Amino acid sequence: MSTSADTTAPPLSPLPHDTEGLKQSIRDAMVRFVGKDPKQATQRDWLDATSFAVRERMIERRLLTRRQFDAEDVKRVYYLSMEYLIGRMLEANLRNTGILDETREALAQLGQDYDEIVAWEDDAALGNGGLGRLAACILESLATQGYPGFGYGIRYEYGMFRQQFEPYRQVEHPDNWLRYGNPWEFPRAERKYPIRFYGEVVEHHRNDGSVHYSWEDGEQILAMAYDYPTAGYGRRNVNNLRLWGAKATRDFDLRYFNEGDYIRAVADKSQSESISMVLYPNDATAIGKELRLKQEYFFVAASLHDILDRHTELGYTLDDLPHQVAIQLNDTHPAIAVAELMRLLMDRHGLHWARAWELCRQVFAYTNHTLMPEALETWPVDLMTRVLPRHMQIIYRINHEFLEMVRRRFPGDEERLKRLSLIDEEGGRNVRMAHLAVVGSHQINGVAALHTELLKQTLFADFYQLWPERFVNVTNGVTPRLWMIQANPELTEFLGEKIGHDWQYDLERLRALEPWVADPELQQKFQQVKRKNKERLATLVRERTGIRIRTDVLFDVQIKRIHEYKRQLLKLLHVIELYNRIRDGENVPPRVVIFGGKAAPGYQRAKDIIQVINEVADVINHDPQVGDRLKCVFIPNYEVSAATVIIPAADLSEQISTAGFEASGTGNMKLALNGALTVGTLDGANIEIRDAVGEDNIFIFGMTESEVVAHRARGEVPEAMLAGRPALSRTVEMIEQGYFTCDDNATHAELGHYLRHQDPFFVLADYPAYREACERADALYAQPECWNTAALTNIARMGYFSIDRTVRDYAEKIWDATPEPVAPKRNGG
Ligand SMILES: *Cc1c(COP(=O)(O)O)cnc(C)c1O
């Protein structure tokens, strides 16, 4: 907040944003940063040189943005997330900085092909799926809309594994994404915080009779900051994503160095640095491993330390915290923050319990992402006591005060106390992290309307009864910058010609398209765009799988993590039935079915499903009787960069989870925004998508959430669904009998048995309705004018699902934060 003239001036002289200037910068970077003669440079070298040239242009805006926030007394929003599923950074940064076309041209003039160069970049895949992608979309929107919003997370050395099929079953390969260094990160050697684990709590009695606690001994490691500038769209604000990497402390090494055991010291160093080594590749399951708990505490402790340091460096007091700081917990992974902030406020800053608790509650808010019991994090009390002894103490005290309050409101209701307690006493004692997050937050949100209602009625019903005002809905969204402008440049241009560009900042403006959705000329152009996108996808499919697909047929797409509740098996049963009908000589409308998605490495059922899909696909794709009337492709290694190619080419979007299980979904939004029609259950945000696009423009089928509950209560055997359904019975029998496998009857038999006798997600019960919905889709696709009208109507009405609306909802309902006027545009920059 200095006012001296030379530090308020822009920190750099402006860099040119035109083709000539970029060409110069890229060539300079090749020599100065990459250290190569352009004549000898590889495509990866060109990727690095281009990245350096872009990064130079972003970092000045980052500094200006920071100065503006520092000067203007703004409330800062901190987003704490274990996961960020970002994807490739060069193209995103070029696009948001507004120099994509110029850079493409500059590279061309340097004799390089832009598309080939960007493809060398590894995805930043620091997340599993929807939760991590939401975090990435939120950061992009915070920057675009000018909110002082910062992300905190972990700089995993190994991100999400790379998936291969060998030849049918998933095999995981490590994702060593930092192997060649990363031009986007700024290591901050001065932002290092010691993080303690284990040790013990020491009680100090003061003269005034008060008791003070300190946490001592144990082991310490350092959390070091790595900053990733996050550019807002339109050359505006550049915010920061700060990821923490683990470093060994020197003290720690010394123990052994003094004993002369050099090798042991170095080995121990890498042991302690293993905390940030690898992302746990589990989606929607809790892990319960000590290293995971340490990861969670590691990044939370470093982030809170950093937040409080910044707060005091800016001259604020702790009393100012609720006015200056909002912290959003993305799921319960960072929920230990509640106990950590209490520890800091009391043990380090000397506040008494009541005041610390008041501040804590005003700062935190918690986003829930799932109702599934296996995904709810709990930590054994023994483990937490050993790893984080002071936090366990604080959690006991929070629980004590909380349950006392409940007792006063509901005297004698012991069952209620058990249900609400932060400690689950059944089957060994465990800390319920969701309860800690709820009690420590002023607002709790679900991620779609249905999901939030179910939170109130089921998982958090007792909490809702206590504090109804704390529960709010914030329906997820997606950024149109990545999922339209970047993924679908053809459609972006098409929209620009018809309705201008305002929708890029205000997606509701896509409504301007609505008067033309039935216009034959527009429809023809739309169809041409789809066709080009299908050709692009067909190329990717050929390169990755060797399969050739035609591009004049319906593209039916299911891309998401492989999970029983997401019901890839439902789609597979339909594929097998289509195959049978073709072989029976029926005239089935042609289609290409595309799957993509990873299974958690230890999730055998999901891996079985992948294997069987691949085997079925292999039989179908090689059956001369089928020819190109049906193709089935499982694209390996589904990730953000693959999604940007698949989504714009889709006609049909499969959103077919068992109702009540998909919290929101965001894949559903990306696909509809790109003009795919949804075949979906009334689950998650599908319901709101139906409300937005209209019942005639979506294919809804199957049991509702309450029908699923009732069906489950009836306890029918799944097999009963096969009676009177010969086509479905035949399909299940073919799986059971190993029709599609030459060497693994066991897996197929097991999967058939599972469907017939267990079917926990009601695939068989929903199948008849699902097949009927697919037939409605086929019938509409046979009438291109009707289909295109529906597809264009989907696009026109998807404005609500912009991440910008989501972020504004958080800002208004939860953070009480306002956007700053965007950093001024500068000439040429
Ligand atoms: C959007 C996205 C997801 C989430 O998809 P859902 O269909 O909502 O589960 C998962 N992975 C990637 C790479 C994504 O881009």
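Remember, it's a predicted structure, so these values are computed and weren't measured experimentally. Atoms within each ligand, like the ligands themselves, are counted from 1 in listed order.
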Could you work out, with side chain to side chain contact (heavy atoms under 4.5 Å, CB included) as the rule, every residue matching [X], not counting sequence neighbours?
X: Glu695; result: Arg690
X: Tyr565; result: Met372, His563, Ser657, Phe661, Glu662, Phe761
X: Thr545; result: Val541, Ile547, Val633, Pro636

Filter the ligand 1-protein atom pairs down to N or O on both sides and distance under 3.5 Å, then list them.
from: ligand 1; atom 1: 7 (O); to: Lys560; atom 2: NZ; distance (Å): 2.7
from: ligand 1; atom 1: 8 (O); to: Thr666; atom 2: N; distance (Å): 2.8
from: ligand 1; atom 1: 8 (O); to: Gly667; atom 2: N; distance (Å): 3.0
from: ligand 1; atom 1: 9 (O); to: Lys566; atom 2: NZ; distance (Å): 2.7
from: ligand 1; atom 1: 15 (O); to: Lys670; atom 2: NZ; distance (Å): 2.6

Would the number of heavy atoms belonging to other residues, nucleotides or ligands and lying under 6.0 Å from CD of Gln604 be above 12? yes
- Sub-3.5 Å donor-acceptor pair from the side chain of Thr681 to the main-chain atoms of Ile656, do we have one? no
Would you say the ring centers of Phe299 and Tyr152 fall short of 6.0 Å from each other?
no
